[in-house]
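Reading through the structure tokens given below for one structure.
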Amino acid sequence: MKKTLLALSLGLGLAVSGAAQAKTLVFCSEGSPEGFNPSLYSAGTTFDASSQTIFNRLVQFEAGSTKVVPGLAESWTASADGLEYTFNLRKGVKYHTTKDFTPTRDFNADDILFTFNRMWKEDHPYHDVSGGDYKYFGWMSMGDLLKSIEKVDDYTVKFTLNYAEAPFVSNMAMDFASVLSAEYGDELAASGNKEDIDHKPVGTGPFVFKSYQKDAMIRYTAHDEYWAGRSNIDKLVFAITTDANVRYQKLKAGECHVMPYPNPADVAAMEKDPDINLLRQEGLNVGYLAFNTEKPPFDQKLVRQALNMAINKQSILDVVFKGAGAIAKNPIPPTIWSYNDDVKDYDYDPEKAKAMLAEAGVSGLKTNIWAMPVQRPYNPNARRMAELIQADWAKVGVEAEIVTFEWGEYLKRSKNGEHDTVLLGWTGDNGDPDNFMYVLLGCDAAKDGGNRARWCNEEFDSTLRQAKQITDQAERTTLYEKAQVIFKEEAPWVTIAHSVVFKPVRKEVTGFKVHPLGSHIFYDGVDLK
Amino acid sequence: MTSITATTSYSVRSQQWREFWFYFSVSKTAVAGLVFLIGVVLMAIFADVISPHLPAEQYREFAEIPPAWMEGGQMRFFLGTDYAGRDMLSRIIHGARLSLIAGCIVVLMSASIGILLGLVAGFRGGWLETVIMRIMDTIMAVPGLLMALVLVAVLGPGLLNAMVAIAITYTPSFVRLTRASTLSELNKDYVTASKVAGAGPIRLMFISILPNCMAPLIVQGTLSFSTAILDTAALGFLGMGAQAPLPEWGTLIAENRDLMLSAPWTVTFPGIAILLAVLAINLMGDGLRDALDPKLKRS
Amino acid sequence: MFKFLFKRLLVLVPVFFGVTLVAFGFIRALPGDPIEVLAGERGVSPERHAELMAQLGLDEPLWQQYFSYVGDVLQGDLGTSLITNRPVAEEFFELFPATAELAICAMLFAIILGIPAGIIAAVKRGTLVDQGIMSLSLAGYSMPIFWWGLLLIILFSNTLHLTPVSGRLSFLFEVEHVTGFMLIDSLFSDEEGAFKSALHHLVLPTIVLGTIPLAVIARQTRSAMLEVLSEDYVRTAKAKGLSPLRVIAVHALRNAMITVTTVIGLQVAVLLAGAILTETIFSWPGIGKWIIFSVFSRDYYAVQGGLLLIAGCVMVVNLTVDLLYGLINPRIVH
């Protein structure tokens, strides 16, 4: 028995490395996708399984960067006032042929209209299908932004906006803007199976969806007629493995080739493993502790600065991130343009912190630290982080209680400002600084609660608003750099860390790049030796 | 047993006790279990004195030190340290306190409510009995851990809520047991006699009937005690029980689970602690059952 | 017999309503807001929030929600998952075979090892063998299985590389899901080696989930056998010079059957509870893992439906066991 088991496991190992006939790449994904239409959902897991494999967008992010490059649109132009965007569509793009659908025409402008009108127009026949909640379309305020979408001819589409919004083109590269097939939609509407458009997806992307077993496996095959060339991988498998320990085990055993989100604790061992390439990149995110600036004594700048100084960030990085992170001093990560490296962080200095608290007239402060119940790249273990901050603050005479709620409750209550201090973070959507600073620290966000510090600074806010109106990146950079200086001085947050994203990849895999926006892309030069 | 009436005298009690001890001490494993359990209880009571460090004290420069006998281990941290440099031995010793208290409270809560409802159901009968028993059936239709999990989700994660949730799932077995014993006792002569003598329902329930149903209840209580420790730990493991930094044993395993491969001692020892404590209670429970169950006594 | 069956079914009716009430009541009492959870860090505007609440029917009065819920349940509609927008029953029955397969294997494992162990212990009563078996089974009974699973993974998968770490089948094999039972599907597929792989993946989860039933069965078989061995007719048979082995074998069989049915009846709920932990540890795509995920993500309808369906399974199995009991043991008269 023992022998056969051993032989079998060896056999499996060999099969992975030497699959010469059909190249199968296995990705140990971290969860089941919510579904297969990226416009309806928000999880990275879902995007990996749909937008990055099955679909394309008008414009796309270049593999490994946040640079916007042509996708289904070969080129685009913006009007001088920044209100009109015209996209010239690519010709000869083929849709997937699946068990249920055989396309009769190539991709054209009708597909763009179908895709966006479904999300935008409430009277669109597909609007209410599958719940009709188009998450990112709403979050990016696309409904308010769009004035009209016109089909100029079969291969030209014009978007008109209500106001100038510099990040618009980047938005078009986001997962939610993945282009569906209007022809497939019509066919399903005729047969009365509209929901299938979101469960049995048809797109133009590099991989064709084959089958899905919930919580177990997703299978894809290469799209033979992909417009940018057939992928090197013949078969792509997502082996759904929720536990990070187990994922690592499977990677080591050769049961998968690539895994996301390793345990920080295992990173050191992965680095030593001769079979594994450990790729790393700074994540497009920030983890922070926000002070509720509406509640005394956190309305005092001096107190906020003192508590900043009282925290030993290096120790948090060592214990919580295990080195898989970098100390944050700005609210945006260094991978985003306009990152202001001249800003100086508050040094760890408990003595000075004590003196400053005394100066502010604060003594025997009792407060709370809210710790998130979920794991995020920007905060792999909020509970642990809160314990460390608690211990650090105790040293300057601040007694903090750690509070946690179930995730929905946590978000809701912190949005309502029930916290004193709260741990949270943000992962960028489109690589634009506006997507961090305005969303998290603007005055509008302070009103609706997205700004957990409830901090509304006139000067900071007007700087951000100004930057939104301009399309020139150099001008915008100057404004954002200024905003970061104001932010640091006012200290509404303790900026804690930007994660470093690790992607352990088996040696057989070549050409795999870590994507700063967090997606996993198995096209663009990925191959198996 | 039936001859013992409500007016049990002291001498009868002590004789009963001696008889019990006689049968209990026959089983060496049961005695061993008892001795070990007493050890754990003492450890829990004197945790502050025995444990070499404070359970929450973070020696950050000594994070993830292996146990003393392994390479790189130190005598200061006999069972090693966790991610923040907290001493595992001290955390396990303090954890004993939480696990034992959790077990006790769960048993006390479920037994007192269960016995009360069981007595009422058995004694009163009628629609009240039907309602009580159907509610118990409902609770029992959902697997215990799942029920507890859902209850904790409602009440919010935490040790106290976990105990309440587990206690609720344990109640039906006490109700059923008490009701069954009550029904069998009700027709016996001594009950009829005290009824004739004019004893009220409360007196009948608690002074006449209850003491005579105690044997199976004690056995059930011991059983529940050990499973309560396991279930509390399981909820802790799923992140729904005691919350870190409380060193409850299941929570210790959960919070160190990501170190399972790089620092296995942080997961291994809390598990061994749970296993041994539960085993000791079960050994003792076996002995108790043999000593209290007259049918097995004879064989 | 039919009268008995009818009576049992009648008792199930209030229990069924009890369970719907429990499922409905508890889930509604949950703190937190599913819409907030779905929105995450990005949040949702109050208007959109109200819109979604209305869409999901969460803005109606509670009693109205309950009645429409029960009405739907009686029509077989258990609601739609908030996360995936798919019918709850569909999701449940897609994952159920995985749990059933695991539970059946665990039970078989427990029976195949537990009954002989119990019989041997009874026959060799008081010897070292007996004490050994009983100590082991008590240890199994005392096992925190979530820890046991982790330990086995560290040992067999990580150190000895004997077993796969998780999942049901190697990705190399493409097996069509006909029954949902991987062993059956892989056996009838053309993929060579798929069955072996499926079996291979079952080993550790089966051991982990089967440990407690194994201990219970061994202990119960032993005490049932002891009772038989002390009964008069066995002694008579022995006195008559009949081979004690023969006597034991005949009576052991009947007693084993009774023990097993009792234990199955008692252990379904335990097994399903154990499946929650086992599936979490081994990434086993079954309902235990699914329901945990649903609880954590506040998927109201999924938890409701899941609770109800699991309770339904427990009730059905218990009813079946009751009936089987009558068949095996004619002494029990309904």
Side-chain angles (χ1 to χ4, degrees), chain B residues 29 33 130-131 133-156 169 226-227 229-231 233-234 236-240 249-250 253-254 257 260-261 264 267-268 270-272 274-283 285-286 295-296 298-299, chain C residues 11-12 14-19 21-23 25-32 131 134-135 138-139 141-148 150-151 153-154 158 219 223 226-227 230 268-277 280-281 288 291-292 295-296 298 303 306-308 310-312 314-315 318:
Chain B
T29 49
T130 314
V131 170
M133 294 322 286
R134 288 301 85 78
I135 293 175
M136 294 306 131
D137 284 348
T138 305
I139 297 177
M140 291 193 58
V142 182
L145 187 65
L146 178 59
M147 187 63 135
L149 200 71
V150 171
L151 283 169
V152 172
V154 174
L155 301 167
T169 65
S226 64
T227 40
I229 292 179
L230 279 180
D231 282 350
F237 176 72
L238 291 171
M240 300 296 264
W249 290 337
I253 296 179
R257 193 175 160 203
M260 181 174 107
L261 299 175
V267 180
T268 316
I272 292 177
I274 301 175
L275 177 60
L276 290 182
V278 174
L279 185 59
I281 297 166
N282 283 337
L283 283 172
D286 267 11
K295 193 171 142 208
L296 281 174
R298 262 181 275 117
S299 65
Chain C
V11 172
L12 289 184
V15 174
F16 168 78
F17 278 101
V19 174
L21 201 63
V22 166
F26 284 156
I27 307 306
R28 291 310 142 122
L30 283 171
Q131 280 168 4
M134 283 303 101
S135 316
L138 202 64
Y141 187 67
S142 311
M143 191 64 85
I145 65 166
F146 50 94
W147 176 75
W148 180 223
L150 294 180
L151 211 64
I153 291 182
I154 296 181
N158 187 44
R219 284 161 61 84
S223 54
L226 284 180
E227 227 168 285
S230 67
V268 202
V270 175
L271 225 49
L272 284 172
I276 292 177
L277 295 167
T280 306
I281 292 164
I291 202 139
I292 285 260
V295 167
F296 277 109
R298 293 287 157 275
V303 179
L307 269 180
L308 201 61
I310 290 174
V314 174
M315 287 191 270
N318 283 339

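Note that the coordinates shown come from a computational prediction; the quantities given were computed from them, not determined experimentally.
Of the two parts of B:L276, neither the backbone nor the side chain holds a non-hydrogen atom closer than 4.5 Å to a non-hydrogen atom of chain C. The contact between B:I272 and chain C is made by backbone and side chain atoms together, counting heavy-atom distances below 4.5 Å. Residue contact with chain C, scored on non-hydrogen atoms closer than 4.5 Å, is absent for B:D231. For a residue to count as touching a neighbouring chain, one of its non-hydrogen atoms must lie under 4.5 Å from one of that chain's; by this rule C:M143 touches chain B with backbone and side chain alike. For B:M240, the part sitting under 4.5 Å from any heavy atom of chain C is the side chain, from C-beta outward, and nothing else.
Checking side-chain atoms of C:W147 against main-chain N and O of B:V267 turns up a donor-acceptor pair under 3.5 Å.
Put simply, of C:L151, C:I292, C:V270, the one with the most heavy-atom pairs under 4.5 Å next to chain B is C:I292. Per-residue counts of heavy-atom pairs under 4.5 Å with chain C were compared for B:I229, B:T268, B:D137; the largest is that of B:T268. Interface check for chain B: of the options C:L272, C:L277, C:L138, the most heavy-atom pairs under 4.5 Å are formed by C:L138. Of the listed residues (C:S142, C:G18, C:P14), the greatest number of heavy-atom pairs within a distance under 4.5 Å of chain B belongs to C:S142.
Residues B:D286 and C:R219 form a side-chain contact, since some pair of their non-hydrogen atoms from C-beta on lies under 4.5 Å apart. Within the 4.5 Å cutoff, the side chain of C:I153 has heavy atoms near those of the B:M260 side chain. Looking at C:L307 and B:V142, their side chains come closer than 4.5 Å, going by heavy atoms from C-beta outward. C:V314 is listed as a side-chain neighbour of B:P143, based on a closest heavy-atom distance under 4.5 Å. Between B:F237 and C:L150, some side-chain heavy-atom pair lies under the 4.5 Å cut-off. Residues B:L230 and C:F146 form no side-chain contact, since every pair of their non-hydrogen atoms from C-beta on lies 4.5 Å or further apart.
With sequence neighbours excluded, no residue forms a side-chain hydrogen bond (donor to acceptor under 3.5 Å, both in side chains) with C:T280.
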Original post:
Stepwise, does the side chain to side chain contact (heavy atoms under 4.5 Å, CB included) test hold for B:I139 with C:V22?
Top reply: CA-CA 9 Å; B:I139 297 177; C:V22 166; over 6 Å; no

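Across every non-hydrogen atom of B:A141 and C:V15, the tightest pair is CB-CG1, 4.1 Å. In this structure, B:G271 and C:P144 approach most closely via the heavy-atom pair O-CG, 4.2 Å.
Residue C:Y141 is tested with B:V278, B:L279, B:N282 for a side chain to side chain contact (heavy atoms under 4.5 Å, CB included); the sole match is B:N282.
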